[in-house]
Structures are given as C-alpha cells and as structure tokens.
There are 2 protein chains.
Amino acid sequence: MTVTINDVAQAAGVSKGAVSYALNGQPGVSDDTRERILRVARELGWKPNLRAKSLSSAKAFAVGLVVARDPRLLGTDPFFPAFIAGIETTLVEHEYALVLTVAASAEAEELGYRKLAADSRVDGVILTDMRVDDSRIALLTSLKIPAVTLNRPETPSPFPAVCMDDTEGIAAAVEHLVSLGHTRIGHVGGPQSYIHGRSRRLAWQNAMSKAGLEAGSFIEADFTAAGGLAATTELLRSPKRPTAIIYANDLMATAGQSYAQSLGLAVPDDLSITGYDDTELATYLNPPLTTVPADPLLWGRVAAQQLLSLLGGAPAEDVYLPSPKLVVRASTGPAPSMPKN
Amino acid sequence: MTVTINDVAQAAGVSKGAVSYALNGQPGVSDDTRERILRVARELGWKPNLRAKSLSSAKAFAVGLVVARDPRLLGTDPFFPAFIAGIETTLVEHEYALVLTVAASAEAEELGYRKLAADSRVDGVILTDMRVDDSRIALLTSLKIPAVTLNRPETPSPFPAVCMDDTEGIAAAVEHLVSLGHTRIGHVGGPQSYIHGRSRRLAWQNAMSKAGLEAGSFIEADFTAAGGLAATTELLRSPKRPTAIIYANDLMATAGQSYAQSLGLAVPDDLSITGYDDTELATYLNPPLTTVPADPLLWGRVAAQQLLSLLGGAPAEDVYLPSPKLVVRASTGPAPSMPKN
DNA sequence: TATCTCTACTGAACCGGTTCAGAGAACTCT
DNA sequence: AGAGTTCTCTGAACCGGTTCAGTAGAGATA
C-alpha cells in the first residue's frame, strides 16, 4: 500500500539504516549511494510516516495553544483568529501543526496543558493573555514544555518573550486627546490581572501625569461589550464626568460609544472615544473609531518562529516588535467648551 | 523514566500482550489477572503513550479543521472561535485533540487537507462554510478522510451533515417586518457560492412572495463590514429605496446601520435593520440589533460528536439541530409612513 | 607486506504499543 | 477415557522509522 523505508531499501539494494541516513542528509553513505537512494525514494513516491517518526524521534512536530476564555465571549475577540492565522503562516513552512485547546475555566486551562504534556501532543506552546504572577510559567517548567510568551511577564520567566509594546499607543491616545483640549480623560481598562490590562492602565496614568493632568476615573472592566457598557454607565454618571474615554479594546469602546449615543450624547462633540485593536468594524462605525492597531497576525507569526527556533536549540532571547501607532478617526474631537452634565 | 507496558508486564509477572488486553478491556485474560494488571499499572503510574498507540493502531486521536478565510478578516467572524470551543467540549471527553489549519487561499485550503492526510495528523475533519458544488467533498473522498459537513450540500455527499436551518430565522425576520408594515424589504446577502449565503437569500425571497410582496433589491456582499457598507450604499441609493434591510450577518448589519445613521437616517424610524448571528455586540449597539442567534457552540459540539461516532463506525446519518428563533430588538420598527428619499 | 585508519554500510535493537498464531490447561461431551 | 472445545496466556511479529555497534573493504602508512 504505502511505500515505507523498507521498500526503498529493498529497491535500492541497501539496508534500512542506509536509507534513513540518506533521507535525513546524515553522514554514513557515499554521495553515489545517497543519490541513488533519493532517486529510488522519489520514484517510488515515498513519504515519511509522521507517526513512526514521532515515536522513534520522540517529537510531535506540533505546537500547542491553550486559549482560556469563556467560549461564549471568545467569538467577540478579534485577536485570536488572526493570531492563530499568524502562527499558521510560520508552521506550514516547517511541517508543523497547531493543536488548539479551548478552556472555559482555570482548572480546564491547567488540565489542557497537562494533557498536551501527558500525551506529548506538542513540542512546545505559546502563552497568550499573560497574567500578573502567571501560574502557567511554573506549570510548564514542571511539565518540561518549552514555551514562548506574548510580552515579558513581570515575574521571572525562563521562556523567551515576543513583545509588542502597547503603552506607546495608549500614551499617544492621551496626548492626542490632550492636544484637543481634553483634561478629564477616563480609562476603561481590562482586568488588571492581565499584564496587558495593567500596562494599558499604567500607560494612561503615566501619560496623564506627564501632561500635568490628574489621572481621572479608571474603571476596571473585562474586555467584553457588557463590561464596557457597565463601565461607561458608571463613568458618565460621575460628578466630574470625563470628556474623553480611553478604552482598553475596541469591543468595550464600541459598546461605550453606542451607549453614550443612546443617552443623547454626540460622539465626538460631547464625548471622545478611543479603542484598542483596530478591528475591521472600527472603521465602519458611526463615527469611525480612533484606535490602536494591534497586529495579531505578525505577533502570531513571530511567536511561532521564536518557538520553533527555541525547539531547534536556539538560545532564549526576547524579540521586540514595532509598537503600533495610534490611528485617528472621527470618534475623537475637540473637548466640548461647555460639557453637558 | 516513564513507565511502559513492559514494566507493568514484568511487575505483574505476565507478558506484554496480556497487559495490553487487560488495559484495553479486551477478552483474553481472566478477571483475576486483569484486576492484578490494572492494579499494578495504577501503582506504577502507567500512562499510555499516545505516539506508540498512534503508530500501532494507525489512528491519530485527533480531528482537523481547515478554515479558509482571509486571515485579516478571520477575526471579524464571531462564528469560528465559539464553534471551535464547541468542538473542544466534545473532544476533551474523548481524549481527542483538535488540529487547526488556517488557509488564506483556495490552493492553501486544498494543501491543508492534503497535508493533514499525508501526515495522518487527523482521523477525520469537519467541513464548515460549505460551498455550492464544494470541491472538498471529492477531495476528501479521494483522500479517504471521514468528514462531517455543516448543513447538507446540494450536491451528493457521502458525509453525514449536522444541520441547523437558517431559513426559518430569515423568514421570521421578513414576517416580523411585514407585520410592522414594511413592503420594501431588501436583502444584503453573503456570497452565493456559500450554501448559507444562498439559503438565506432564498429564504428571504420565498418569505417575501409568501407575504405577497415583490422580492425587492438583493445585493450580494461578502459577510465583511466593508462589503456590508458598500451594499448598503447601493441599496439606499436606489430609486425605490427599501424601508428595511435584512442582512445575512451581524457584521454587515452593523456596518450598514452605522452608515445609514451617518447619512442622517434614523434606525428604525427611517430604516429597519436585521442581522444574523447574534454576536455579543449586537445587544450593545445603538439601537440594539434585531437578529437571529446562530448557536456555534452547540453546532461545534454536535459536529464533533457526529464525527467521533462516525469514526467509531456508526452509520452516517444527518442530525438536525433546532432552528434558531428571531430575537427582536430595537433596530426594527414600524415602516415610515412617508419614507425619506 | 603487514598494520592501521577511515569510510560505507549492515544488522539488530529500539521507541511503546497492538495483534495474531499457537501452546497448555481446564472443562464439556459422548 | 478419549476427543473436542473453550479459556488463558505467551512469544513473536508488526507499525515505520532512528540509531548504534560492528564489519568489510579501500586506502594510507611504515
């Protein structure tokens, strides 16, 4: 049926071992023989059997990704699909596959990694959504699974990080709003247990104080539309209502914008809004959203590259991707001279 | 290091074969011996080696999904992440893994399946985004990969289908709008090369004629926000402008709604709008979107179940999931008595 | 010419399971 | 008691590669 290395050996009149050496470009066969073996293999249409290779070489030729999200909310995050697509662009070139696990809870997440390890499904994993004091670092260290993290965690990590600075974009958003005359700029952030939730809040805070402004109201939300709405409600109800709100992602910003408009506030005349991600929809909102384009495709591609080179024995070194730049659209405008209250 | 079946055999004082029979619940060992072997295996902490199992049993214990989308637009589709999460809920229970491939082009898609087959990475695949006259059916048949399709293709297919009727929801949307007095109801559909693009258009068309109305303008778009905008532009520019538009998904509806509002049209006073999917954001728009909730989580779960039972040798039978029901929100309202033109 | 070294290659073990043919033992049937 | 059947278990082959120890032969060296 299928052509094995044995068939090639027989047809070429050599031993199994010689064929293996020849096919893997290893020393041990003369150039003549090597060439003959390769030709015979080609003629017979030999294809390596991944399963056999996996067993004897103790490698999976696959990398893993465990996504810990509420499945119902997973669809709202534009990050993952594009990120995964980015990973794929690298993997296909190296004959690797991606094994994806979705975990609904923290226990399921840990179990996901444990299963990947127990079954040796993967040779390494990519860690996304890094958390402050992330338990996965110790877990993967104990499971002896090589990994790459998105951004460098604050706690010590033996794994190389692929970093994309998000503070610059947020700072640019603050500066942009300040230049438009805003002084009361609120922030609706993601969970502060995530390092990207935290870094965006700190970026906002630092940029405000650098502008000589008091960092106004901050609400910790959860990156969902529902959370964005709730946070916006709270911000707009406060006595010193902000004239601009910086959201930690587009989804919350969109929900916030819609809510503000439903209250009769004009965006940007009464309230300026910025997001983060630059989802496709951002351009097509009314008004189109000022936001910061994350580049999940690039991030995924480079993260996979780093993981593969780590698996290849390369030293673990952090990589820095270019910081995304603020994209100004119509959801931001001059601060109202007489804010509605 | 790791405990193998050999260690268990030695410790239990039986042969390798006996251990294999005992661990797999197969006949060939007495109850006493079986129990002893199981106890010894437990005591030694034996875990099956998936790679060895794969090689000897010629199974991958994994299923595949090839997603053919423009990576940049993939993030905008809320369907996939939730669908994948649904698949996972089934797979984890059966010790199966999901191998995901993202393909940017038609060639890459075919190559994706070919690679999964060549490396025997998976035991079966799930086909989504079924197209009219879908070439993948012949491809997978020739590659001898079992599959499950989402909805039954119009051309003959040997694979079981997991069906979720979308015509009922679209018909309900038409009826809902008709009951509100609308007579000019347009449709912005997905590519008609997709069966779900086609079936939604036909559902709209049939419901219109059933209501005694002339099926108004139809524009074929591409499920993206950009496409939704372009189609809306065209519809609103037409001489007999519709007072209501049924979009084939939420993303296009959202873009359409924003665009209409940017023209100064009020939704729903001047224009009623419906979507399809019921994304999280739909609830939080201004106005919230009337739409039809697809249930990708359920769909994924059942599709994976069907695939696994197919792999287990069950006969290929179609499954029908409950048809999603229209969710009425504020983006639809009475037809304007004097439509703006 | 005898010895040493190096290269090219073979045969077998190995990775960790599954599966099959066959050997004994026990049990049933006549 | 002898023959046939069933049950339990063993040993070995097998899945398709990788890798290692060892050998034959060619070429270099003394």
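Just so you know, these numbers come straight off a predicted model, no measurement behind them. To find a chain, count down the sequence lines: A is the first, B the second, and so on, and within it residues start at 1.
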To the side chain of [X], which of [options] is closest?
X	options	value
A/T4	C/dT10, D/dT10, D/dG16	D/dG16
B/Q26	D/dT18, C/dT19, D/dG17	C/dT19
A/S30	C/dA21, C/dC9, C/dG17	C/dC9

Is the ring pair B/F83/B/F80 parallel, tilted or perpendicular, if the boundaries are 30 and 60 degrees? perpendicular

In whole angstrom, what separates [X]'s [atom1] from [N]'s [atom2]?
X	N	atom1	atom2	value
A/N49	D/dC14	CG	C1'	13 Å
B/R36	D/dT8	CZ	P	13 Å
B/I5	C/dG17	CD1	P	5 Å
A/L50	C/dC15	CG	C1'	15 Å
A/K59	C/dC15	NZ	C1'	15 Å
A/L23	D/dG17	CG	P	9 Å
A/R51	D/dG17	CZ	P	12 Å
A/Q10	D/dG16	CD	P	14 Å

Looking for any heavy atom pair under 4.0 Å, which part of the strands does [X] touch: base, sugar-phosphate only, or nothing?
X	value
A/N6	nothing
A/T33	sugar-phosphate
B/K47	sugar-phosphate
B/V19	nothing
A/S20	base

Compile the donor-acceptor pairs under 3.5 Å between side chains in residues 295-302 of chain A and protein atoms, sequence neighbours left out, one pair per line.
residue	atom	partner	partner atom	Å
A/D295	OD1	A/L298	N	3.2
A/W299	NE1	A/V162	O	3.0

So the side chain to side chain donor-acceptor pair (under 3.5 Å) pairs with at least one residue in residues 304-318 of chain B (sequence neighbours excluded) are B/R152-B/D318

One thing to verify: whether B/R136 and B/E109 come together as a salt bridge, which I'm taking to mean a side-chain N less than 4.0 angstrom from a carboxylate O. yes

A/E43 with A/R39: basic N within carboxylate O range, under 4.0 Å: yes

Residues B/L310 and B/A147: closest non-hydrogen pair is CD2-O, 3.5 Å

Kindly determine whether A/F159 and A/I126 satisfy side chain to side chain contact (heavy atoms under 4.5 Å, CB included), including the steps that lead there. CA-CA 10 Å; A/F159 306 122; A/I126 297 177; over 6 Å; no

Under 4.0 Å between a side-chain N or O of B/W46 and OP1 or OP2 of C/dG16? no

Taking only side-chain nitrogens and oxygens of B/S15, does any of them come within less than 4.0 Å of OP1 or OP2 of D/dT10? yes

What about A/K16, does its side chain sit under 3.5 Å from the base of D/dG17 through a donor-acceptor pair? yes

Mark yes or no for a side-chain to base donor-acceptor pair under 3.5 Å between A/Y21 and D/dC20, with no hydrogen or angle criteria applied. yes

Earlier contact from the 5' end, DNA chain D, for B/S56 and B/V29: B/V29

Counting the benzene-type ring for Trp, do A/H196 and A/Y194 have ring centres under 6.0 Å apart? yes

Helix axis bend for the helix from C/dT1-D/dA30 to C/dT30-D/dA1 - C1'-based end axes, five pairs, 10° rounding: 50°

